[in-house]
Structures are given as structure tokens and as C-alpha cells.
Amino acid sequence: MKTNKLFLSVLCGLTLSFGLFSCSDDSEDLSWKDGAKVELPRYRAFVLTEGTFNHNNSHLSFLDPAQDTIYSHDIYEAQNGIKLGDTANDMIEADGDIYIIVNVSKVLLRLNGSGVELARYTGFETLGEPRNIVEEDGKLYVTCYGGYVARFDAKTLKLEKSVKVGDNPEQIIEHNDKLYCVNSGMTSNTMSVIDINSFDKAESVEIMNNPFGIQEDNGHIYIMAYDASYKRYVSLYDERTKTCTKIADASNMYADGDNLYMANSTSPDYVNYQTTYSVYNARTGQTTEWKMSNLPAVMTQGTNTVYMIERNPYDNSFYIGLTNYFENSTLYHISADGKYISSVQAGGISPNSMIFIR
């Protein structure tokens, strides 16, 4: 309680100094503030940090995009009085609410736009640990390590149905009324495809070994996998032929329109890393350098690897999150035209997702 009051006093002070809180008229819907102990501005960003396995140190941090300032306090703990849990794996925003998957703690959370918990689901014993999440038409689709994709009502988090897929399903997307999830593991080489309307069975499509990431935008589907030496690479998936074509070696990616933004962090000893940045254009089929200027040296070489690439839809700037897996991480803010703006603390270890609400 003392921490919450301290946090509130700091934010109130910032109100006077920087105009942190936005004014609103009487007709504005303020239900997203219901139950909040800490008041947040209308223009908000949240960063989910994974933490360290079995250390119960995942965090949800609040970032003020207007000031490019993040608060070290965990906004989830400040609003709810409890810790987020162990190994928060994924976060999305839908209809103004925030949904978080906490993998090891086996929890699915629904929060309002201030980070106040509205509902939770914990019955993953049969389904297996939850991994990743996508929302479509008021339904949540969650991959579970027991080999299922589970469907939940987005408001109540009531489990409605589950479909058996391949082993260890990871990231999931929705595209053209179909769900695509990749099934990980060095002996696994499949992607499961489910008709979202019937949601009764999964088609198994053979792709590369050990796929773990999938993204889609503007009709382009990208799949990331490990090769036999555990190096990461990304391929373009063709829905018509059900085949994959390698694009580039990359360890992280962000799909936006016709472009795929990529970072490739490589290391001979998993301690010292070198990172290069590139952009693939799906229309031209060309990969070029992601031109950025005045980058801090740590973004290209050092003991950190790129763990997250996210884009602010309101100004098209990027946030690139780095990690060394044991110290609190840093986010690097890059303008839409590639100019380094600033760095800001992520609020925890290993940022893996970021959302923006206005």
C-alpha cells in the first residue's frame, strides 16, 4: 500500500510538471479507469517483461509515450496488490482490454486499460502451459503446450472449446478465417491450420524443423525457426503451395504492411553478440539494410541480444528491446525514419511484447 501511494504521488507530481494526465470531456468513456489505484493518461503504452524462469519476476510496466518515460514500479502489482507471476510469455490488446499469458504460472489474465485485473483463468492442467494468444471477434485463441489451441470468451475468459494440434504449439495468428500455429521442437516440422468458424479439427502442414514464431501482415505470412545448429532464420509461407522460402538469417522480426523488419543477433559463445538489422519487402522480394542512424554501440555489439521489436501505430516509431537475460533490460526508441531518439528502462528482464492505447 505504501508503494502504491508513493507511485501515485510521483505520478501526481509529474502531472504538474509535464501534464502527464490528459483532460477529458463529460462524454468521454472513462470505464478503462475503473478500479485503478494509480491513474494513467489516456495515451498509454505497456511493456511485458518475461523475467527469469522460476523466479516469479515477470513485470507489466507502464510507459508514457508522450514523455518517453517508463516507471520502474510494476503497474500490475501497483493496481492489484499482487505479483504478475512466473514467465509472462505474451500480451495483446483487444477492445481496450489487455490480455496476458503467464506461462509457468499457468494463468490467462484480462486487465482493463489501467492494468486492473478483471478476470483470470487457471484451469490449464489438461491443456498444458499456455504460450501465446490471438483475438478475433470477441474470442481468444491460446496455444497450450499439451498440444491444444483453446478458445475462450474474451470478456468472461470462459473456456469454450479446444482443438488438438501438434506438439508444443507456440505463436499463433489469424488470417482469412483461419488460425495458424507453429509446433516447436527439433523433431517437429509442422504448422497446424484451423478453420476458425468450425473450430473442430486442425490440418497439419509440413514446413521446416523447429518453427517457433509466426507473424502476418497485409497477407504475408512469415515463419521463424531454428536450424540444426540452433541458429534462427525466417521464411515466407505461400498459402497456395503450402511451402516456405527462406528470406534471411534473423533472430527477431516485426511484420508491418509489406515490410518485415528483422534483427539478427549472433554469438560464438552466447555471451558476446553482434547484431545486424535488415528489411525485407514482400512486394519486391528484396532484403536491404534497415538504415538507422546514431545507434548506441550496445545495439550492434556487446553482451545483449535483441529480444523484441515493436512499433507504435500512432507515430510509427519503433521500440527495440535488448536483454542479457539477468539484468533489467533497456528499450531503444527509433523514429519512423530511422533516427535514434532515446533509451528507456524496460522495467524488468527480457521485454517480449509492447502495446499502445490512446
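This one's a predicted model, so the numbers in the text were calculated from it and none came from an experiment.
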(request) Hey, could you give me the CZ/OG distance between R131 and S184, rounded to the nearest 0.5 Å? (result) 7.0 Å
(request) Report the C-alpha distance between Y226 and F212 in whole Å, list the side-chain angles of each, state the deciding distance to 0.1 Å, and finish with yes or no for ring-ring contact (aromatic ring centres under 6.0 Å, His included). (result) CA-CA 8 Å; Y226 290 100; F212 66 92; 4.7 Å; yes
(message) Looking at E206, I'd like to know if its CD atom is crowded, meaning that more than 12 non-hydrogen atoms belonging to other residues, nucleotides or ligands lie closer than 6.0 Å.
(response) no
(message) Within 45 degrees of the ring normal and closer than 6.0 Å to the centroid, is that where the cationic atom of R44 sits relative to F356?
(response) no
(message) Atom CG of residue position D200 - does it have more than 12 heavy atoms of other residues, nucleotides or ligands inside 6.0 Å?
(response) yes
(request) Work out which heavy atom in N54 is nearest to a heavy atom in D86; give both atom names and the distance. (result) CA-OD2, 2.8 Å
(message) Hydrogens and angles aside, do N218 and D258 bring a side-chain donor and acceptor to less than 3.5 Å of each other?
(response) yes
(request) Quick one: closest heavy-atom pair of A346 and T49, and the distance? (result) O-CG2, 3.7 Å
(request) Would you please test D68 and S342 for side chain to side chain donor-acceptor pair (under 3.5 Å) and show each step? (result) CA-CA 8 Å; D68 218 11; S342 64; 2.4 Å; yes
(message) Does K158 have more than 12 heavy atoms from other residues, nucleotides or ligands lying within 6.0 Å of its NZ?
(response) no
(request) Taking all non-hydrogen atoms of both residues into account, name the closest pair between P211 and I223 and its distance. (result) CB-CG2, 3.9 Å
(request) Nearest 0.5 Å please: distance from the CG atom of L60 over to the CD1 atom of I98. (result) 6.0 Å
(request) Given ring-ring contact (aromatic ring centres under 6.0 Å, His included), test Y277 with Y261 step by step and report yes or no. (result) CA-CA 8 Å; Y277 300 88; Y261 296 87; over 10 Å; no
(request) Mark yes when over 12 heavy atoms from residues, nucleotides or ligands other than K83 sit less than 6.0 Å from its NZ; otherwise mark no. (result) no
(request) Salt-bridge test for D195 and K201: reply yes if a basic N is under 4.0 Å from a carboxylate O, no otherwise. (result) no
(message) What's the separation between atom CE in M224 and atom CD in E170, rounded to the nearest 0.5 Å?
(response) 13.0 Å
(message) Using every non-hydrogen atom in the two residues, find where I309 and V306 come nearest and quote the distance to one decimal.
(response) CG1-CG1, 4.1 Å
(request) In plain terms, say whether K178 and E136 are close enough for a salt bridge, that is, a side-chain N and a carboxylate O under 4.0 Å apart. (result) no
(message) Can you tell me how far apart CG (L48) and CE (M308) are? Round to the nearest 0.5 Å.
(response) 10.0 Å
(message) On a heavy-atom basis, which atom in Y43 and which in N312 lie closest, and how many Å separate them?
(response) OH-ND2, 2.9 Å
(message) Walk me through whether F318 and W290 qualify under ring-ring contact (aromatic ring centres under 6.0 Å, His included).
(response) CA-CA 12 Å; F318 292 89; W290 183 356; 4.9 Å; yes
(request) State which residue, out of V47, T330, L63, fulfils the side chain to side chain contact (heavy atoms under 4.5 Å, CB included) condition with V344. (result) L63
(message) Nearest 0.5 Å, please: how far is CZ in R110 from CG in L118?
(response) 4.5 Å
(message) With rounding to the nearest 0.5 angstrom, report the CG to OG distance, D249 to S265.
(response) 12.0 Å
(message) Using every non-hydrogen atom in the two residues, find where A202 and I194 come nearest and quote the distance to one decimal.
(response) CB-CG1, 3.8 Å
(message) Is there a side chain to side chain donor-acceptor pair (under 3.5 Å) between H333 and S317? Walk through the geometry before answering.
(response) CA-CA 7 Å; H333 191 189; S317 66; 2.8 Å; yes
(message) side chain to side chain donor-acceptor pair (under 3.5 Å), that's the test. Do Y76 and E117 meet it? Break it down for me.
(response) CA-CA 8 Å; Y76 175 82; E117 184 176 321; 2.5 Å; yes
(request) Validate the cation-pi geometry between K164 and Y148: distance from NZ or CZ to the six-membered ring centre under 6.0 Å, angle to the ring axis within 45°. (result) yes
(message) Could you check whether atom CD of Q274 has more than 12 heavy atoms from other residues, nucleotides or ligands sitting under 6.0 Å from it?
(response) no
(request) Step through it carefully: locate the ring centre of Y121, locate the ring centre of F124, and say whether they are under 6.0 Å apart. (result) yes
